[in-house]
2 protein chains.
Amino acid sequence: MNQSTNLKTARIEKISHLDYFNIAISVDCVILSYEDRRLRVLTMLSDLKEFAGLQSLLGDLVRPDEDLDSASYRVLLERTGLKDVYLRQVHTFGSVTRHPSGRVISTAYYALINGRHESLQLNDHALQWTPVKNLKKMAFDHKAILDTCLKTLREQVMDHPVVFNLLPGKFSLRQLQDVYETILSQELDRRNFRKKIVLKDWLTDLDEMEVDVPHRPGRLYAFREPSIKPISSVF
Amino acid sequence: MNQSTNLKTARIEKISHLDYFNIAISVDCVILSYEDRRLRVLTMLSDLKEFAGLQSLLGDLVRPDEDLDSASYRVLLERTGLKDVYLRQVHTFGSVTRHPSGRVISTAYYALINGRHESLQLNDHALQWTPVKNLKKMAFDHKAILDTCLKTLREQVMDHPVVFNLLPGKFSLRQLQDVYETILSQELDRRNFRKKIVLKDWLTDLDEMEVDVPHRPGRLYAFREPSIKPISSVF
DNA sequence: TCAAAAGTGTTGACTTTACACCCATGA
DNA sequence: TCATGGGTGTAAAGTCAACACTTTTGA
């Protein structure tokens with residue numbers, strides 16, 4: 001086999017732009033919140049006739065003058081009003097046929113937010129918090145994107161302090177455990193969970209107690225580090 | 001804050017293409033081989049004056065009619081003549097300034113190949129196998145891409161049977177351990193390594209022995225499953 | 001017979017799991 | 001006083017890390 005053609009690496013400037021700048025790139029955000037022992041994802045009804053009645057994730061095309069990561073932060077800000085959010089790139093989906101009306105490659109991010117955040121402001125009535133378990137089918141390849149993000153989240157959650165972004169500033173260990181159980185879809189032993197979590201040194205004991213609960217109040221904790229982490233720090 | 005503008009999700013068809021189809025997308029491949037107790041990556045000298053003297057990874061623009069994954073397979077085939085190769089998407093790099101001559105977003109893949117594969121055929125004299133340890137600086141953001149891929153490889157290597165792609169079909173446990181030690185940059189205890197690897201059930205004992213070695217010959221093993229895995233299977 | 005690497009088991013440290021009872025609060 | 005969840009420790013099992021001697025081959 002001999003392929004002496006097509007060796008174009010790093011020679012953008014020598015290629016006809018007309019041929020190649022014909023693919024759009026977008027970001028899609030899996031924006032997750034936790035409430036009522038359920039993970040919910042922010043979705044909207046697709047307005048493409050191909051996907052009539054199906055929910056889609058929130059995304060947008062990347063602008064020529066914005067970084068890829070910035071585009072996902074922008075989507076999040078535009079849709080939720082939230083600025084400092086845990087956001088993580090997961091995977092890029094680039095099948096030729098994934099978008100019915102053109103070639104669009106999309107990079108998926110997931111964001112974890114507190115659904116009761118004071119500055120949360122959903123500015124479009126079409127937006128809804130859909131329990132992830134209810135989503136069997138979505139527009140485009142968004143179900144695959146969602147599943148991939150959830151898988152990544154599950155892989156991360158025991159080793160990285162990310163779930164705190166789903167909770168209010170003060171929370172009890174029971175609330176924390178509920179979040180873990182929901183994400184991992186499995187029950188955890190209370191004593192073992194507490195030991196493990198405390199060992200990780202992610203928590204500050206606030207020396208406060210729950211109030212107005214119909215049972216013995218639990219201690220309240222806060223996440224030790226700021227729960228906002230820029231995604232780009234590692235790269 | 002009120003952002004009622006810019007809610008364009010999934011409405012490609014309503015946007016002026018001229019504004020947005022102005023970003024190119026490429027793939028960059030970190031093609032790794034193992035020899036001489038060193039990991040080597042396939043590089044070429046950058047021909048951009050901005051990066052004179054620096055090595056770059058192998059990549060190419062994605063064509064409008066090919067899947068993102070296919071593009072990385074194509075780069076690999078064009079550059080090495082190899083068809084069935086372990087290839088994995090790692091991360092997408094999208095800084096506005098990463099390419100000096102235009103906006104190019106690039107998805108990074110790593111590939112593991114056997115540097116002595118019979119059909120390996122480097123068809124460009126500019127290509128070289130550079131030991132990864134020697135690369136302090138590269139063209140574009142390729143050093144960051146390389147480091148990210150190596151980090152991902154290190155995270156995967158104990159849990160996924162990927163290193164076999166770096167070795168010939170028959171290998172001794174010592175060779176296998178050498179590869180692990182090289183990737184992880186740490187020495188491993190021989191007895192513990194053997195126990196752990198055998199437990200994983202990745203190997204077939206070939207009932208053959210090394211020949212022509214200046215010491216007691218070791219048993220030869222083969223990887224149990226085909227060492228070729230399509231990357232897209234999970235998604 | 002020497003040099004080089006192959007092959008092999010046990011022990012202690014640590015981690016993980018399983019498991020049950022009493023306590024504080026609101027209704 | 002009852003219902004609800006809070007809070008706590010221990011023992012057994014499993015995993016991981018450290019460690020040394022004998023064997024087989026080619027030179």
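To find a chain, count down the sequence lines: A is the first, B the second, and so on, and within it residues start at 1. Everything numeric in this text was worked out from a predicted model, so none of it was measured.
The nearest whole Å value for the distance from the CD atom in A:Glu208 to the P atom in D:dG6 is 17 Å. Between the C1' atom of D:dG5 and the CZ atom of A:Arg219 lies a distance of 16 Å, rounded to the nearest Å. In this entry the distance linking CG of B:Leu220 with C1' of D:dT24 reads 15 Å, nearest Å. B:Asp205 places its CG atom 15 Å from the P atom of C:dA6, with the value rounded to the nearest Å. The nearest whole Å value for the distance from the CE atom in A:Met209 to the C1' atom in D:dG6 is 9 Å. Rounded to whole Å, atom C1' of C:dT17 lies 13 Å from atom CE of A:Met158. Across the protein-nucleic acid pair, A:Asp178 atom CG and D:dT4 atom C1' stand 14 Å apart, rounded to whole Å. For A:Asp212 and D:dT4, the CG to P distance is 18 Å, given to the nearest whole Å.
Taking the six-membered ring for Trp and thresholds of 30 and 60 degrees, B:Phe140 and B:His142 have ring planes inclined between 30 and 60 degrees apart. B:Phe164 and B:Trp202 have perpendicular rings, their planes meeting at more than 60° on a 0 to 90° scale where under 30° would count as parallel.
Contacts between residues 184-201 of chain B and DNA chain D, defined by a heavy-atom separation below 4.0 Å, involve B:Asp189, B:Arg191, B:Asn192, B:Lys195, listed by number.
With respect to A:Lys151 and A:Asp147, no salt bridge is recorded, no charged nitrogen being found less than 4.0 Å from a carboxylate O. Note on A:Arg98 versus B:Asp67: no salt bridge recorded, every NZ/NE/NH1/NH2 to OD/OE distance being 4.0 Å or above. The pair A:Glu210-A:Lys170 does not count as a salt bridge, with every side-chain nitrogen at least 4.0 angstrom from each carboxylate oxygen.
Going from atom CD1 of B:Ile25 over to atom CD1 of A:Ile25 covers 3.5 Å, rounded to the nearest 0.5 Å.
Summary of the strand contacts: A:Pro217 and B:Pro214 both lie near DNA chain C, and taking for each the nucleotide with the nearest heavy atom, the more 5' one is attributed to B:Pro214. A residue-by-residue look at A:Glu210 and B:His215 shows that A:Glu210 has its nearest nucleotide of DNA chain D further toward the 5' end.
A donor N or O paired with an acceptor N or O is not found under 3.5 Å between the base of D:dT4 and the side-chain atoms of A:Arg216.
Proximity of A:Arg174 to the phosphate of D:dG6: a side-chain N or O atom is located under 4.0 Å from OP1 or OP2.
Of the options A:Asn165, A:Ile113, A:Leu112, a side chain to side chain contact (heavy atoms under 4.5 Å, CB included) to A:Leu32 is made by A:Leu112 and by none of the others.
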